[in-house]
Amino acid sequence: MRKFTLNKEAKKKEPTKEQINRYKDFSRLSHEYERLVKRPKKPLYKDPKLFLYLFLLGLILYLMYFESK
Amino acid sequence: MSDSELVILAKENRNYFGVLYERYFDLIFRFIFKRVGGDEESSGDLTQQTFLKAMSSIEKYEDRGFPFSSWLYRIAQNEVNLFFRSTKNEISIEIEDRQIHHLLEEANLGSYMSESDQEKLIHQLNTLPDDSKDLIELRFFQELSFKEIADIYSITEANAKMRIYRVLEKMNKNWNV
């Protein structure tokens with residue numbers, strides 16, 4: 001939540017060059033980007049939709065095999 | 001190399017985004033710093049977050065004739081608003097005397113104000129809806145031009161002017177209530 005207040009000191013609030021440079025780091029950004037895009041995929045057993053799909057596929061194949069016997 | 005050329009290259013190879021990062025980091029940091037009331041740590045985190053979002057969605061960026069910086073401003077604006085919504089602490093944004101005078105003149109509220117009137121004005125600003133607060137902040141406290149505000153919102157300059165004057169008109173009407 002933000003709240004406006006009156007600055008009676010009449011001093012301009014500007015960041016210094018040192019303050020800015022403390023946070024300027026492209027290698028950190030690249031690292032975070034790599035982590036973001038190369039996030040490991042969900043394992044099969046944790047994906048309920050895919051799990052159900054594989055289960056049904058297996059069941060159909062099993063029934064087909066059972067019928068052909 | 002121009003921004004548009006760098007964007008094309010960055011879409012293929014993210015290392016080129018580094019040049020854009022170096023070019024605009026200071027600008028975005030200053031913008032966020034003022035918006036979060038001079039909180040250095042939050043400004044650093046939000047600036048980094050802004051560039052991370054920009055870097056990961058650069059493929060979606062389309063050059064529609066607006067400067068590349070306005071796209072970054074827009075992402076930064078969203079990040080700051082998310083931050084305002086998520087934080088429990090009150091963030092104090094200090095307004096200078098001359099900025100108040102500029103606002104007074106534009107809102108046709110006179111050029112001089114007593115201390116109690118100034119407090120009343122600040123109270124009125126604090127009760128504005130968030131989108132109106134954003135516009136007032138960008139114009140009078142960030143001191144951006146109508147053109148720059150228009151670019152951030154992807155609207156015409158006339159439209160930006162109209163939106164800001166509508167807020168000022170509303171403030172003027174509420175002043176004597």
Side-chain angles (χ1 to χ4, degrees), chain A, chain B residues 14-15 17-19 21-22 25-30 32-38 40-41 43-49 51-56 80-81 83-100 115 118-119 121-126 128 130 133 136-137 141:
Chain A
M1 216 181 102
R2 75 187 122 164
K3 195 179 177 202
F4 296 114
T5 54
L6 199 60
N7 177 6
K8 288 174 184 162
E9 289 171 26
K11 269 185 193 167
K12 245 188 168 182
K13 250 192 176 172
E14 286 282 345
T16 61
K17 194 78 193 149
E18 289 79 43
Q19 281 179 309
I20 297 174
N21 287 341
R22 215 172 289 154
Y23 296 93
K24 198 195 260 183
D25 184 356
F26 185 66
S27 58
R28 187 163 76 96
L29 183 79
S30 297
H31 182 71
E32 281 178 36
Y33 172 76
E34 290 299 322
R35 227 179 40 183
L36 188 80
V37 293
K38 287 180 182 160
R39 202 181 277 170
K41 282 179 188 168
K42 229 181 197 179
L44 281 183
Y45 61 90
K46 277 193 179 171
D47 188 337
K49 268 188 189 171
L50 196 65
F51 183 80
L52 191 70
Y53 174 76
L54 289 173
F55 175 76
L56 286 173
L57 193 72
L59 187 71
I60 291 166
L61 286 173
Y62 173 75
L63 288 173
M64 278 166 69
Y65 173 74
F66 190 73
E67 274 298 305
S68 64
K69 249 190 162 183
Chain B
R14 289 295 191 277
N15 287 331
F17 189 82
V19 186
Y21 179 85
E22 288 295 323
F25 188 91
D26 293 21
L27 186 82
I28 298 299
F29 188 95
R30 281 177 211 282
I32 294 176
F33 187 86
K34 283 195 224 166
R35 289 218 57 193
V36 297
E40 184 192 320
E41 209 181 318
S43 306
D45 291 344
L46 290 169
T47 308
Q48 198 76 348
Q49 193 59 25
F51 279 97
L52 184 64
K53 288 246 168 97
M55 195 173 177
S56 51
V80 169
N81 287 342
F83 172 72
F84 284 145
R85 261 177 254 149
S86 66
T87 188
K88 284 172 190 161
N89 302 331
E90 204 166 71
I91 293 151
S92 173
I93 296 156
E94 292 185 352
I95 308 163
E96 292 167 37
D97 214 31
R98 61 178 183 84
Q99 293 171 323
I100 284 284
E115 214 159 291
Q118 286 187 359
E119 296 293 337
L121 181 74
I122 296 287
H123 173 74
Q124 213 183 83
L125 283 172
N126 284 325
L128 286 174
D130 280 346
K133 267 186 199 167
I136 293 292
E137 216 185 310
F141 313 143

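Proteins get letters first, then strands, A, B, ... in listed order; numbering begins at 1 in each. Note that these values count all heavy atoms, side chains included, but never hydrogens, waters or copies made by symmetry. A quick note: this is a predicted structure, and the numbers were derived from the prediction, not measured.
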Open item on the list: Working note: A:F26 + B:F17, criterion side chain to side chain contact (heavy atoms under 4.5 Å, CB included); need CA distance, chi angles, decisive distance, verdict.
Closed with: CA-CA 9 Å; A:F26 185 66; B:F17 189 82; 4.0 Å; yes
TODO: Walk me through it: do B:E22 and A:K24 pass the test salt bridge (charged side-chain N to carboxylate O under 4.0 Å, His left out)?
DONE: CA-CA 8 Å; B:E22 288 295 323; A:K24 198 195 260 183; 3.8 Å; yes
Rounded to the nearest 0.5 Å, what's the gap from [atom1] on [X] to [atom2] on [Y]? Could you check?
{"X": "B:L52", "Y": "A:L36", "atom1": "CG", "atom2": "CG", "answer": "5.5 Å"}
{"X": "B:F84", "Y": "A:K3", "atom1": "CZ", "atom2": "NZ", "answer": "14.0 Å"}
{"X": "A:E14", "Y": "B:F33", "atom1": "CD", "atom2": "CZ", "answer": "8.0 Å"}

Open item on the list: Please give me the minimum heavy-atom distance between B:S56 and A:Y33, naming the atom from each residue.
Closed with: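 Shortest heavy-atom contact: CA-CE1, 3.7 Å.
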Open item on the list: Under 4.0 Å between a side-chain nitrogen and a carboxylate oxygen: does that hold for B:E40 and A:R22?
Closed with: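 So B:E40 pairs with A:R22 through a salt bridge.
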Interchain contact, [X] with chain A, by part (heavy-atom threshold 4.5 Å):
{"X": "B:E41", "value": "both"}
{"X": "B:N81", "value": "side chain"}
{"X": "B:I100", "value": "side chain"}

Open item on the list: Using side chain to side chain contact (heavy atoms under 4.5 Å, CB included), reason through B:M55 and A:L29 one step at a time and then give a plain yes or no.
Closed with: CA-CA 9 Å; B:M55 195 173 177; A:L29 183 79; 3.8 Å; yes
- [ ] Please answer whether the main-chain N or O of A:D25 pairs with a side-chain N or O of B:Y21 as donor and acceptor at a distance below 3.5 Å.
- [x]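 Yes, B:Y21 side chain to A:D25 backbone: donor-acceptor pair under 3.5 Å.
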Open item on the list: Donor-acceptor check, side chain of B:N126 to backbone of A:F4, threshold 3.5 angstrom: yes or no?
Closed with: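 Yes; at least one donor-acceptor contact below 3.5 Å.
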Open item on the list: Does any part of the side chain of B:R14, heavy atoms only, come nearer than 4.5 Å to the side chain of A:E34, both counted from C-beta?
Closed with: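 Result no, sub-4.5 Å side-chain heavy-atom pair not found.
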- [ ] Find out whether A:I20 and B:R30 are in side-chain contact, i.e. whether some heavy atom of one side chain is under 4.5 Å from a heavy atom of the other.
- [x]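 They are in contact (side-chain heavy atoms under 4.5 Å apart), so the answer is yes.
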TODO: With side chain to side chain contact (heavy atoms under 4.5 Å, CB included) as the test, would you mind laying out the steps for A:Y23 and B:S43 before giving the verdict?
DONE: CA-CA 9 Å; A:Y23 296 93; B:S43 306; over 6 Å; no
Task: Best-contacting candidate, B:T87, B:D26, B:L125, against chain A by heavy atom pairs under 4.5 angstrom - done: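 Highest number of pairs under 4.5 Å: B:D26.
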